[in-house]
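First up is the structure itself, then whatever we jot down about it.
Worth knowing before you read on, the calculation uses all heavy atoms, side chains too, and leaves out hydrogens, waters and symmetry mates. Chain letters run A, B, ... following the sequence lines, proteins first and then strands; every chain starts at 1.
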There are 2 protein chains.
Amino acid sequence: MGLAKTEMFTKRQNTISSFAKAFGHPARVAILQHLFKIKACVCGDLVNEIGLAQPTISQHLRELKQLGLIQGNVEGTSVCYCINKENWAKMKGIVSEFLDQDLTCNDCC
Amino acid sequence: MGLAKTEMFTKRQNTISSFAKAFGHPARVAILQHLFKIKACVCGDLVNEIGLAQPTISQHLRELKQLGLIQGNVEGTSVCYCINKENWAKMKGIVSEFLDQDLTCNDCC
DNA sequence: TTTATTCATCGTAATATTGCAATGAACAAA
DNA sequence: TTTGTTCATTGCAATATTACGATGAATAAA
């Protein structure tokens, strides 16, 4: 019914999918790549850079922020967003462990 | 409008988000983990293992198959699904490159 | 104080995703 | 052939996501 039955899965499985969902939209991929590139940012730059409306960018930023992958520091009228290094590293560890699973396989395939 | 404006983004950005979307649901994470674990599988096993209805599992399998991450070989009345090692490795390379971006940052944050 | 700038939030419309009952297709066994 | 097994597909209902105009809150500048 459009509702992910999260209670059926392990905490780890839900964590992995939550992080993956964060990268599951090209706008958020682009936002993160831009933050990595310039190493600091304000929302207005992203609106020009990405090409989506300001509320849309703001909404994507909020999702990334709620997951802890970015942080925003208010500076006057603008907000300085950047990658949260510590949480990014944690996420990378969890996702990488999933991606790095053993590929050995029996004769079935 | 619920429509990702893929044409605004680079091919690479869309590729990353497509793969990420595949892991963006705990059921698909669980399916892949199970395939890794037993190294071969049929759909019926997954229905018992995961706990979702058979059509639901079949639908998730189709998405993973369309992305090339798994493959299914028909064996009599059952279908043997397993990880597509080559494509998994390719995907891992693309996603890892994104995750491994340089975390150095200026004094802004 | 007034005005401008910047970003967040609200409200809403459109599309996407998830889940499953019902059904179908393919094959094997009786 | 008939029956049973296995998985795919269809059709639908419910929820989630995406996008943006309008508006609000906060601050800075005039």
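Side-chain N or O atoms of Asn87(A) include none that pairs as donor or acceptor with a backbone N or O of Leu69(A) at under 3.5 Å. A donor-acceptor contact shorter than 3.5 Å is absent between the side chain of Ser58(B) and the backbone of Gln54(B). One N or O on the side chain of Ser18(A) and one on the backbone of Asn14(A) form a donor-acceptor pair closer than 3.5 Å.
Separating the CZ atom of Phe23(A) from the P atom of dT17(D) is a distance of 16 Å, rounded to the nearest angstrom. Note: CZ (Phe9(A)) to C1' (dG19(C)) measures 11 Å, nearest angstrom. Between the CG atom of Leu46(B) and the P atom of dT6(D) there is a distance of 14 Å, given to the nearest Å. As a whole-Å value, the separation of Glu49(B) CD from dC7(D) C1' is 18 Å. Distance Asn73(A) CG to dA8(C) P: 12 Å, rounded to the nearest Å. Between the CD atom of Glu75(A) and the P atom of dA26(D) there is a distance of 18 Å, given to the nearest Å.
Of the candidates dC20(D), dC20(C), dC7(C), dC20(C) carries the atom nearest the Leu52(B) side chain, counting heavy atoms from C-beta on.
A search for salt bridge (charged side-chain N to carboxylate O under 4.0 Å, His left out) contacts involving Glu63(B) returns Arg28(B), not counting sequence neighbours. The ring pair (Phe, Tyr, Trp, His ring centres under 6.0 Å) test applied to Phe19(A) returns no partner, not counting sequence neighbours. Contacts of Gln101(A) classified as side chain to side chain donor-acceptor pair (under 3.5 Å), with partners at least two apart in sequence or in another chain: none.
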Check nucleotides 26-30 of chain C against the protein and report each pair of N or O atoms closer than 3.5 Å, with its distance, or say if there are none.
none

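Checking the phosphate oxygens (OP1, OP2) of dA8(C), a side-chain nitrogen or oxygen of Tyr81(A) falls inside 4.0 Å. Under 4.0 angstrom from either OP1 or OP2 of dA16(D) there lies no side-chain N or O belonging to His25(B). OP1 or OP2 of dT17(D) has at least one side-chain nitrogen or oxygen of Lys21(A) nearer than 4.0 Å.
Both Gln54(A) and Met8(A) lie near DNA chain C, and the one whose nearest nucleotide falls closer to the 5' end is Gln54(A).
Linking Ile, Leu, Val, Met, Phe, Trp and Tyr residues whenever their side-chain heavy atoms come within less than 4.5 Å leaves Val42(B) and Ile31(B) in two separate clusters.
Counted by atom type alone, Thr10(B) and Gln13(B) present one or more donor-acceptor pairs between their side chains at under 3.5 Å.
For DNA chain D, the neighbouring residues in residues 55-64 of chain A, judged by any heavy atom under 4.0 Å, are Pro55(A), Thr56(A), Gln59(A), His60(A), Glu63(A).
Within the structure, every pair that satisfies the side-chain hydrogen bond (donor to acceptor under 3.5 Å, both in side chains) test and touches residues 89-98 of chain B, not counting sequence neighbours, is listed here: Asp100(A)-Lys92(B), Arg12(B)-Glu97(B).
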